[in-house]
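Heads up: the structure comes next, in structure tokens.
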Amino acid sequence: MKFDLADLRAFLAVADLGSFRAASESLYVSQSALSRRVDKLEDALGVKLFERTTRKVQLTTIGRGFVPRARNVLNELEHALIGIQDVAEKLSGEVTIACVPSAVAYFLPEVIRQYHQKYPRIRIRIIDESSSEVLTAVARGDADFGLTYIGTQDAEITYQPLLNEPFVVALRRDHPLAARRTLTWAQLADHHFIRLAQGSGNRFLMDQALAHSEHQPRWFCEVQHVPALVSLVEAGVGIGVVPQLAMPKGRHAALVSKPLREPAISRDIGLIHRRGRQLSPVAQLLYDMLMNTRRTV
């Protein structure tokens with residue numbers, strides 16, 4: 001049979017994404033080149049793997065049965081190659097990880113640096129989006145796995161915790177509250193408060209914690225994303241409550257964070273991926289490296 005691994009990768013990309021256009025973009029080849037690879041594989045096998053119309057692409061019955069076999073072939077080969085250092089340095093492919101923005105700086109830079117040094121030809125795509133978008137990207141296969149704080153209740157998603165992260169008060173060093181060691185929600189009431197908008201996973205956690213509290217901050221400004229809130233705090237616009245990982249590492253010239261009490265709020269950060277879907281060997285390597293970062297804030 002005259003077909004190669006690139007043909008198998010092309011087939012699996014179309015099968016996973018359900019689109020020749022999306023598959024060609026993920027593999028960085030033209031649609032015509034991708035189509036030729038799939039045609040070549042079908043000709044070599046003597047079967048039709050896809051039913052194609054102008055509106056959609058669907059796997060045939062034979063095509064659905066061939067998906068796990070093709071994936072196993074690629075996975076077994078990649079496992080074998082990874083164990084050979086000289087070959088590992090030449091191993092190519094792509095890993096996509098979806099990650100909430102506030103966790104990017106804490107978890108990814110050192111892990112990606114090490115991963116790239118060991119496997120320089122493997123491309124890494126990072127989808128830095130909200131928690132709901134991270135969950136969606138993993139559930140529909142746009143990302144191999146995700147790094148987020150929701151998804152543990154989804155039956156189709158597996159979750160491995162990495163750390164528990166407290167929420168803190170973000171404020172400038174010259175703010176009147178900056179002299180206190182800890183702060184309560186009641187103490188925030190008389191200060192210019194910036195909050196996260198509805199629809200944010202972080203906002204949901206805070207609303208749950210404050211559902212029966214008398215101390216609801218009086219907000220005057222609302223933003224969609226945590227980095228925007230931190231930027232406004234740095235500019236002296238007001239104060240806000242954010243996950244600790246959203247704050248700059250080490251001593252910052254203008255910003256400081258204070259532990260928050262009454263009630264204290266925290267979130268669990270962890271890795272998610274689709275249940276029953278084995279990660280590719282190159283994705284598993286990155287997943288395992290991130291699992292090794294498990295620690296406490």
Side-chain angles (χ1 to χ4, degrees), residues 98-107 127-139 146-157 159-172 175 177-178 180-235 237-248 255-272 296-297:
C99 183
V100 289
S102 58
V104 170
Y106 185 82
F107 285 98
I127 302 173
D128 49 326
E129 288 287 356
S130 67
S131 57
S132 60
E133 289 297 324
V134 169
L135 183 61
T136 299
V138 173
L147 181 58
T148 186
Y149 53 93
I150 64 171
T152 58
Q153 304 304 315
D154 193 316
E156 299 301 315
I157 297 294
Y159 177 84
Q160 289 292 332
L162 292 179
L163 86 168
N164 181 263
E165 172 195 20
F167 280 67
V168 296
V169 182
L171 63 166
R172 284 181 57 89
H175 192 278
L177 293 178
R180 297 180 179 269
R181 295 186 63 182
T182 64
L183 292 168
T184 66
W185 286 92
Q187 290 169 328
L188 307 184
D190 296 328
H191 298 271
H192 301 302
F193 190 81
I194 307 167
R195 76 172 185 180
L196 293 166
Q198 290 281 1
S200 159
N202 290 310
R203 169 68 183 277
F204 175 74
L205 293 175
M206 284 187 275
D207 284 349
Q208 277 191 316
L210 295 172
H212 303 292
S213 173
E214 298 177 359
H215 306 299
Q216 300 281 350
R218 293 190 295 272
W219 66 278
F220 83 103
C221 182
E222 183 178 85
V223 297
Q224 293 289 330
H225 302 292
V226 171
L229 193 157
V230 174
S231 295
L232 290 175
V233 171
E234 183 177 4
V237 175
I239 64 173
V241 173
V242 299
Q244 185 169 321
L245 294 187
M247 297 298 290
L255 290 171
V256 66
S257 64
K258 296 294 178 178
L260 183 61
R261 304 285 184 262
E262 299 177 16
I265 306 174
S266 66
R267 66 180 190 178
D268 290 318
I269 296 281
L271 292 169
I272 62 172
T296 58
V297 175

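Fair warning: this is a prediction, and the values are worked out from it, not measured in the lab.
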Any side-chain heavy-atom pair of Leu205 and Phe167 under 4.5 Å: yes

Crowding at NE2, His191 (>12 non-hydrogen neighbours, <6.0 Å): yes

Please tabulate, for the side chains in residues 214-229, all donor-acceptor contacts under 3.5 angstrom to protein atoms that are two or more places apart in sequence or on a different chain.
from   : atom 1 : to     : atom 2 : distance (Å)
Gln216 : NE2    : Leu210 : O      : 2.7
Arg218 : NH2    : Ala189 : O      : 3.2
Arg218 : NH2    : Asp190 : OD1    : 3.3
Glu222 : OE2    : Arg195 : NE     : 2.9
Glu222 : OE2    : Arg195 : NH2    : 3.0

For Ala178 against Val256, the heavy-atom pair lying closest together: CB-CG1, 4.2 Å

Thr148 vs Ile272 side-chain heavy atoms within contact, under 4.5 Å: yes

Any side-chain heavy-atom pair of Leu271 and Leu162 under 4.5 Å: yes

Asn202 versus Tyr149, closest heavy-atom pair with distance: N-OH, 3.1 Å

Side chain to side chain contact (heavy atoms under 4.5 Å, CB included) assessment of Leu147 paired with Val134: CA-CA 8 Å; Leu147 181 58; Val134 169; over 6 Å; no

Reported OG-to-CG distance for the pair Ser266 and Leu260, which is rounded to 0.5 angstrom: 11.0 Å

Verdict with supporting geometry, Arg180 and Lys258, side chain to side chain contact (heavy atoms under 4.5 Å, CB included): CA-CA 8 Å; Arg180 297 180 179 269; Lys258 296 294 178 178; 5.7 Å; no

Nearest heavy atoms of Pro101 and Ser130, plus distance in Å: CD-N, 4.5 Å

Shortest non-hydrogen separation from Pro166 to Asn164 and the atoms involved: CD-O, 4.0 Å

Smallest separation among heavy atoms of Leu163 and Phe107, with atom names: CD2-CZ, 3.1 Å

Minimum side-chain heavy-atom gap Ile239-His175 below 4.5 Å: yes

Gap between atom CZ of Arg203 and atom CD of Gln198 - 0.5 Å precision: 4.0 Å

Test item: Leu188 and Val169 side chains (from C-beta on) under 4.5 Å apart, heavy atoms: yes

Nearest non-hydrogen partners of Trp185 and Met206, listed with the distance: CH2-SD, 4.0 Å

Between CD on residue Glu165 and OG on residue Ser102, distance to nearest 0.5 Å: 6.0 Å

Residue pair Arg267, Ser131: steps toward the side-chain hydrogen bond (donor to acceptor under 3.5 Å, both in side chains) verdict: CA-CA 12 Å; Arg267 66 180 190 178; Ser131 57; over 6 Å; no

Residue pair Ile157 / Leu135, side-chain heavy-atom distance below 4.5 Å: yes

Val168 and Met247, any side-chain heavy atoms less than 4.5 Å apart: yes

Rounded distance [0.5 Å steps], CZ in Arg261 versus CZ in Arg181: 10.0 Å

